[in-house]
Amino acid sequence: MMNFSLRLFRPGERSAKGRMSFGMKGLGALILFCTFFLGQAYAQDISLKGKVTDSKGNALPGVSITIKGTSKGTSTDMEGGYAISAPSASTLAFSFIGFTTKEVTVGSQTTIDVVLADDVKALEEVVVIGYGAVKKKDVTGSVVSLQPKDFNKGVITAPDQLIQGRTPGVMVINNTGQPGGATTVRIRGNSSIRAGNNPLFVLDGIPLSGSSARPGGSGGFGSDGGNPLAYLNPNDIASMDILKDASATAIYGSRGANGVVIITTKRGASGAPTVSINASTGVSSLLRKPEVLNADEFREAVQYYAPNDVKGADFGGNVNAFDEITRVAPVQNYSMAITGGTDNGKYRVSAGYMDQKGIIETSRLKKYTASINSSFRFLESKKLGLDFNVLFTQTNENLAPIDVGVGFTGNVISQALTWNPTRPLRVNADSLTYVSPTTINPLTSLKAYKDIAIVNTTVASIAPSYKITNDLEYKLVYSITRQTGTRKGRYIAGLVDPAQIRNGFAFIGNNSETNQQLTQTLSYNKDISPSLNLNAVAGYEFLDYANSWNSLSGSGFTYVGLDFYDYLNYSVASNRGINSFKSPTNQLQSVFVRVGLNYLDKYLFTGTVRRDGSTKFGENNKYANFPAVALAWNISNEPFLKGNSTVNNLKLRLGWGKTGNREFDSGASRDRYVFGTQSISQANFGNPDLKWETSETFNGGIDFGLFQSRIVGSIDVFNKKTTDGLFERTLAQPAPSGKIWVNLDGEVVNKGVEVALTGTVLENKDWTWNISANATYLKNSVSGLPGFYETAALRGQGFSGVLGQRMVSGQPLNVWYLAKFAGLDPTTGTSMYEGADGQVGTSVDPAQNKFYVHSPNPKYLLGFSTDVTYKKFSAVVNMNGAFGHYLFNNTFATVLGINNLSTKNIAKDFFNKDIKEATSNSAAPSTRYLEKGDYMKMSNVTLSYRVGNIGKAFKNLNISLTGQNLFVLTGYKGFDPEVNTDGSSGGIPSLGIEYIPYPSARTFLLGVNFSL
């Protein structure tokens, strides 16, 4: 570029230095000449074409090509080709993820072929480990990093579903098929008797509370608590890093006992604005259900078991009630993101919309999401930075009346399963069949209940940072998470029982949660010498969690066509209820430091310590220290393996650490009172010595890469011991009535082995085939625990107050404690059980003769995936499974038994002509209903075709077809072996119960994504 200046003089005037001046005409002529000259120089655009390949000669589609200094550009097609017009004096910049950017001056060339080199730095995967990130080769703990290419596909309402079966040691159970329903997530098994077992989720550095503001439901209304992570849009997630052992999680101290899942969202990128669009639509249908008798089989069964009832049991119809309450449900999902900016200011704006109808009539989930994040760099030195993030989500739910806490009257699921298949569901088009208050038409239940919930979530954070030196950086993060939830429900009692026509019920619930975070860190990264690198972080963190709720209810309504919750004041005054609650102070104050050393890129050390102080604990134990150390040896960098053609990566890891658990009621260490109607009573007695539940973990691992990383994998062995278990104990008489939180003696031990393996089977110009598998072995045991503690509420006719699991020494957590079923007596058709003395017969009382039988905790977890690519076509298959555990089929036990005949339907499994079971034979909590839970599920299959660029507008167009939950291989007879109906008792969680849940769905999705 030419730089010059002009000084103007009056006509005839000369400069002091004797330079000749010129008038305005001369100036105009000069400007005209320059404009013409420069215009000619830049107007001569040259038509260019070429091809972009990698170092192996493979074409690279989607490479960004820009004319440097302008916004003009294009991208390569599926064959790597491109065409563009550019001035001869300009420079073309070729850029693509995973490759170094290359610049070429146009000059007089008309064809420019470019070979992009691999970007070594980009290929060195970065793993987020908490308050920082390190290269994967420098990791010393047990950490797994998953990218979008590794995520599960299909209808994903929450991020925990993305990682199901994708990594060893992580179990994800979809508790229910309800859209947005709750999940159970366990990293390396259960370790706490009473406190929480869920991992800590961290969103862009913000530790999440793990709770939801959606009000709960019961009394026939939907009881599933929903997924507290459902407000996140999976399309916004860039990576999920799973920290499994204590050496990796100790930086999170009292919240890291159950592992940590770090969610990193997508960020802005330099360059012209780019719009990315994802859209999918599809249908869901019932995956499977227990087999019950059809109309003809029902008639045959009544004739066989109760011939005297044939006339009164056969209504002449042929009805499948379950088909009537289910549907083929449409689902649609759309998301859009705009990214752009410069090196000094990047941004990303996204929005999403999801509309998923459930396979049970009346159920539905709508989700609206929006987010914006930006990153700025200020000052000439660019040492001052500012990151800003805001996320907003609204979820609207219509909940089906599926309460798993119901008794013998059941919910809409059991009502449909047991409906007499010979009895029509409808009298006519306008009237439903009424039977009795205890034999309820499932279609009536769907009409009688209306249950809607709306949750609004806002997550905002601001994070200024300043590089004090090139090696030392200060960062402050302030975040606030605000959730508000409203739930309204009404029940038209007169539809179910005409005698209750004036006893309608309604409620309104309001929840709110506000969480704040203030984190300050100093990070230091410096090469102390050519052979030694120091990476350290020190910080202070303050967290505040606050929640409150209130509810209103009333009954005594007569239905007049309006929803009762809209005029609660019309209820009977004496039947109204008002409740409210505000949580006690729940704050956490912490200081932490982590130091990492890398010597010769061969010997690695990481040391961590965190000191946490929590308002939850007693005055004498508010603070606790959580240390950890880890060592690693990069053997492949030793001279004897350097350049080895077989083993290109080999690393040994060894770690130890302590973490804590504080997931119990806030204020539990203090005296607490409950308020009744004009009354106050003490419910909890303080314990100033209450201290932290602590887990100590040893971990040893090996990472390897063979044949230039065509085969990569890892093996980990771990031993985790949890002590000082937090537990709420009822005070023994003659002490005052109430409860007290204590630390239990004894320990819970989880041992295991994890294996992950990925191999490239085939790789050439047209074909790529990769296979990945992971397997986990888990062993859980309890020792030193005084006495036993019971949980697992089993429900239904005759099971009132029955608990089926215990926490007891010498057994795994949640071991089944049931009577041993010994078959049916051929003479009487009644159940026989095994006695404690070995006696077997019908006289043995199952309530007094129980045994420890099997565990609901899987011994083995398995994941398998493969992806095949042929030119523009690709296929991805993911499977997951669990083995070695037992489930209690509570649905079979109390809903579908033989004693239903002749008024209700039964399971096909109970229609057995070999031994005629007595219809009076009552069910008992026994091993008769304990089934192996082994399963392998085809979780998702995706077929896709890369169309590539269409014209100059549509880039990287991809079309896909996904099948989700296609089938499950199992011997389990219930709805789905992947189930976990809540049966907790006294706050002690249960595991492995199935009781008339919302069934799982099979889904097919057609998707398209592209950018503009």
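Everything numeric here is computed off the predicted structure, so don't read it as measured data. Sequence positions, counted from 1, serve as the residue numbers for this chain.
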Tell me, please, whether Phe626 has Arg611 positioned over its six-membered ring: NZ or CZ under 6.0 Å from the ring centre and within 45 degrees of its axis? no
Determine whether a donor-acceptor pair (N or O, by modelled atom type, separation under 3.5 Å) exists between the side chain of Asn780 and the backbone of Asn190. yes
Would Ser350 and Ser371 count as having a side-chain donor-acceptor pair, cut-off 3.5 Å? yes
Would the Tyr777 and Tyr860 ring centres measure less than 6.0 Å apart? yes
Side chains of Tyr540 and Gln589: any donor to acceptor distance under 3.5 Å? yes
When every non-hydrogen atom of Asn197 is compared with those of Ser191, the smallest separation belongs to OD1-N, 2.9 Å
Run through Asp387, Asp204, Asp236 and flag the one making a salt bridge (charged side-chain N to carboxylate O under 4.0 Å, His left out) with Arg267. Asp204
Between Asn515 and Thr481, is any side-chain donor less than 3.5 angstrom from a side-chain acceptor? no
Taking all non-hydrogen atoms of both residues, which atom of Phe704 and which atom of Ser714 are closest, and how far apart? CE2-N, 3.7 Å
Could you walk me through whether Lys651 and Val139 pass side chain to side chain contact (heavy atoms under 4.5 Å, CB included), step by step? CA-CA 10 Å; Lys651 180 168 71 173; Val139 171; 4.2 Å; yes
Side chain of Lys467, backbone of Ser381: donor and acceptor closer than 3.5 Å? no
Judged by atom type as modelled, is there a donor-acceptor pair below 3.5 Å linking the side chain of Asn598 to the main-chain atoms of Asp601? yes
side-chain contact (heavy atoms from CB on, under 4.5 Å) partner of Val170, chosen from Ile187, Val144, Thr776: Ile187
Which distance, rounded to the nearest 0.5 Å, do you find between the CG of Asn152 and the CD1 of Ile163? 9.0 Å
Heavy-atom neighbours of Lys383 NZ exceed 12 at 6.0 Å: yes
Value for CZ (Phe718) from CG (Asn699), rounded to nearest 0.5 Å, stands at 8.0 Å
If you measure from CG on Asn878 to CZ on Phe151, what distance do you get to the nearest 0.5 Å? 12.0 Å
Angle class for the Trp633/Phe640 ring planes (parallel below 30°, perpendicular above 60°, tilted otherwise)? perpendicular
Side chain to side chain contact (heavy atoms under 4.5 Å, CB included) filter on Ala230, not counting sequence neighbours, yields Asn227
Is it true that Ser209 and Ser211 share a donor-acceptor pair across their side chains at a distance under 3.5 Å? yes
Mark yes or no for whether Asn644, through its side chain, and Val647, through its backbone, hold a donor-acceptor pair below 3.5 Å. yes
Is a donor from one side chain sitting under 3.5 angstrom from an acceptor on the other, for Thr942 and Thr962? yes
Under 6.0 Å between the ring centres of Phe592 and Tyr131? yes
Do the side-chain N and O atoms of Arg710 and Thr760 include a donor-acceptor pair separated by under 3.5 angstrom? no
Is the count of non-hydrogen atoms from other residues, nucleotides or ligands lying under 6.0 Å from Lys779 atom NZ greater than 12? no
I'd like to know if the side chain of Asp138 reaches the main chain of Lys135, judged simply by a donor and an acceptor atom lying under 3.5 Å from each other, with no hydrogens or angles considered. no
Would you kindly say whether Asp245 and Ser142 are connected by a side-chain donor-acceptor distance under 3.5 Å? no
Could you check whether Asp471 and Asn525, counting side-chain N and O atoms only, form a donor-acceptor pair closer than 3.5 Å? no
Check whether any side-chain heavy atom of Leu534 lies under 4.5 Å from a side-chain heavy atom of Tyr524, and answer yes or no. yes
Sequence neighbours excluded, which residues qualify as side-chain hydrogen bond (donor to acceptor under 3.5 Å, both in side chains) partners of Asn648? Ser709
Looking only at atom types and distance, does a side-chain atom of Glu763 sit under 3.5 Å from a main-chain N or O of Asn770, one as donor and one as acceptor? no
Can a donor-acceptor pair be found between the side chains of Tyr466 and Glu473 at a distance below 3.5 Å? no
If I take atom CZ from residue Arg946 and atom OG from residue Ser874, how far apart are they, to the nearest 0.5 angstrom? 6.5 Å
Take atom NZ of Lys658 as the centre, draw a 6.0 Å sphere, and report whether it contains more than 12 heavy atoms from other residues, nucleotides or ligands. no
Pair Gln517-Thr519, side-chain donor/acceptor within less than 3.5 Å: yes
Does Arg610 reach the main-chain N or O of Ile251 with its side chain, forming a donor-acceptor pair under 3.5 Å? yes
Distance, nearest 0.5 Å, that separates CG of Leu232 from CD1 of Ile156: 13.0 Å
Assess whether side chain to side chain contact (heavy atoms under 4.5 Å, CB included) is satisfied between Met171 and Arg188, documenting all intermediate values. CA-CA 8 Å; Met171 179 180 74; Arg188 294 183 168 180; over 6 Å; no
Assess whether atom NZ of Lys475 is packed by more than 12 heavy atoms of other residues, nucleotides or ligands within 6.0 Å. no
Distance col, row Asp241:CG vs Ile129:CD1, nearest 0.5 angstrom, shows 9.5 Å
Using atom types as modelled and distance alone, determine if a side-chain donor or acceptor of Arg255 lies under 3.5 Å from a backbone N or O of Pro199. no
For residues Gln147 and Met240, determine if any side-chain heavy atom of one lies less than 4.5 Å from a side-chain heavy atom of the other. no
Could you check whether Ser695 and Thr722, counting side-chain N and O atoms only, form a donor-acceptor pair closer than 3.5 Å? yes
Strictly distance-based, threshold 3.5 Å: is any side-chain N or O of Arg348 a donor or acceptor partner for the main-chain N or O of Ala337? no
Quick one: does any side-chain atom of Gln161 pair with a main-chain N or O of Thr157 as donor and acceptor, under 3.5 Å? yes
Any non-hydrogen side-chain atom of Tyr478 less than 4.5 Å from a side-chain atom of Gln516? yes
Step by step, work out the side chain to side chain contact (heavy atoms under 4.5 Å, CB included) result for Asn774 and Leu862. CA-CA 6 Å; Asn774 67 80; Leu862 184 64; over 6 Å; no
